[in-house]
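Structure record follows, encoded as structure tokens.
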Amino acid sequence: MKSHSTAGFGTKAIHAGQSPDPSTGAIMTPVYMTSTYVQEAPAKTKGYDYSRSHNPTRTAMEQNLAALEGGAFGLGFASGMAAIHCVLNLLQAGDHVIAGNDLYGGTYRILKTLYAKFGLETTFVDLTDLQQLEAAFRPNTKLVMLETPTNPLLRCCDLRALAKICKRHKVLSMADNTFATPYLQNPLALGCDIVVHSTTKYLGGHSDVVGGVLVSDDAELHKRLAHFQNSCGGTPGPMDCFLVLRGTKTLHVRMERHCENALQVAKWLSAHPRVERVLYPGLPSHPNHAIAKRQMRAGGGMVSVELKATVAQAKKVCSSFGVFSLAESLGGVESLVDHPASMTHASIPAEERRRSGLQDGLIRLSVGIEDADDLVADLDQALRRLR
Ligand SMILES: *Cc1c(COP(=O)(O)O)cnc(C)c1O
């Protein structure tokens with residue numbers, strides 16, 4: 001099945017980009033473990049000549065993810081960072097980038113420690129404040145990089161408004177949709193140019209694969225991105241693509257449960273005496289709740305909590321869970337807890353971290369699809385360590 005423009009999300013998730021194997025009828029896309037392809041005559045191929053350039057399992061994954069994001073073109077990468085790296089290669093020395101000020105730590109790091117030395121300048125701004133964004137544009141601005149909800153503060157910026165501003169300035173917009181997933185939010189439909197995912201997270205969904213993808217809807221832009229993908233070769237292997245394809249088949253079902261559980265956990269935490277603040281876009285108390293409600297189907301599976309705790313106490317809580325596992329990453333079926341200040345966001349200098357609102361006592365929960373009552377009971381016993 002190739003064209004699913006009118007089908008519902010669940011039908012696309014299961015079928016888009018995939019059809020039974022023509023030689024055997026196998027319903028699952030085979031894992032094409034091959035580097036090269038036999039040609040009938042020189043340059044006479046069946047569309048495949050070398051697996052860095054194209055591989056049938058990857059093609060199925062790319063088409064599946066493009067369909068889920070409502071874009072025409074998908075490109076698979078060996079990681080989310082490889083995908084982001086590809087987008088940055090649209091630029092050249094002397095160009096200027098505007099990026100959100102609480103981006104994924106690795107995105108911050110690639111801009112600060114790698115691209116800066118090639119003459120790419122970045123201004124980090126709070127993208128929930130459109131005036132800050134407007135003020136940051138320069139004549140040489142070429143790209144705006146955004147995430148919504150952000151990591152780990154779960155701020156939500158207005159995708160439609162942001163995309164409109166970027167279009168007026170003739171600047172590309174790239175939305176990292178990893179936290180929301182295409183089930184909850186579709187940035188291309190709201191006017192963004194490129195969607196990026198770390199498929200390592202919800203799309204894979206089972207904590208067993210690292211990968212990334214770019215989706216775009218403009219043939220010329222896709223051509224430039226594809227040229228880089230083929231030239232530099234940060235492409236995923238067929239087994240990785242198979243795992244992501246297997247993951248997306250249940251994305252809609254998993255996301256429903258992630259969101260239900262996260263809402264229950266967020267509500268319970270909001271009433272806890274040792275909790276300073278719960279950051280969850282699905283709660284009316286969230287500062288960007290109205291925007292989230294407008295552009296997301298539900299609040300997502302991530303919940304961040306500011307504990308009334310010192311760094312040492314927050315670390316102790318993080319080590320006291322029975323069901324939640326202390327680990328980086330997110331989006332798998334199992335619940336994880338992270339202490340951003342000492343784990344995922346440790347590469348951001350402490351001063352800068354605090355300035356952007358990331359407190360030392362903040363813990364980030366990736367709420368899994370276990371029984372919500374067990375998750376709440378686990379939080380209850382862990383937070384008792386604070387007494
Ligand atoms: C994990 C993550 C990335 C990086 O993806 P990798 O697959 O780890 O390279 C980028 N953006 C966000 C929001 C992420 O959570």
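Numbering of ligands and ligand atoms starts at 1, following listing order.
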Ionic contact status for Arg354 with Asp360, cut-off 4.0 Å
yes

Do Arg168 and Glu134 meet the salt-bridge criterion of a basic N to acidic O distance under 4.0 Å?
yes

Any ion pair linking Glu147 and Arg155 (charged N to carboxylate O, less than 4.0 Å)?
no

Identified side-chain contact (heavy atoms from CB on, under 4.5 Å) counterpart of Leu91 within the set Asn89, Val87, Leu88
Leu88

Expected list for residues 103-114: side-chain donor-acceptor pairs under 3.5 angstrom, two or more places apart:
| from | atom 1 | to | atom 2 | distance (Å) |
| --- | --- | --- | --- | --- |
| Tyr108 | OH | Glu352 | OE1 | 3.4 |
| Tyr108 | OH | Glu352 | OE2 | 2.5 |
| Thr113 | OG1 | Arg109 | O | 2.8 |

Looking at Glu220 and Arg224, does any basic side-chain N land under 4.0 Å from a carboxylate oxygen?
no

One line per pair, note the atom names and distance for all nitrogen or oxygen contacts under 3.5 Å between ligand 1 and the protein.
| from | atom 1 | to | atom 2 | distance (Å) |
| --- | --- | --- | --- | --- |
| ligand 1 | 5 (O) | Ser198 | OG | 3.0 |
| ligand 1 | 7 (O) | Gly80 | N | 2.9 |
| ligand 1 | 7 (O) | Ser198 | OG | 2.8 |
| ligand 1 | 7 (O) | Thr200 | OG1 | 2.7 |
| ligand 1 | 9 (O) | Gly80 | N | 3.0 |
| ligand 1 | 9 (O) | Met81 | N | 2.9 |
| ligand 1 | 11 (N) | Asp176 | OD2 | 2.6 |
| ligand 1 | 15 (O) | Lys201 | NZ | 2.7 |

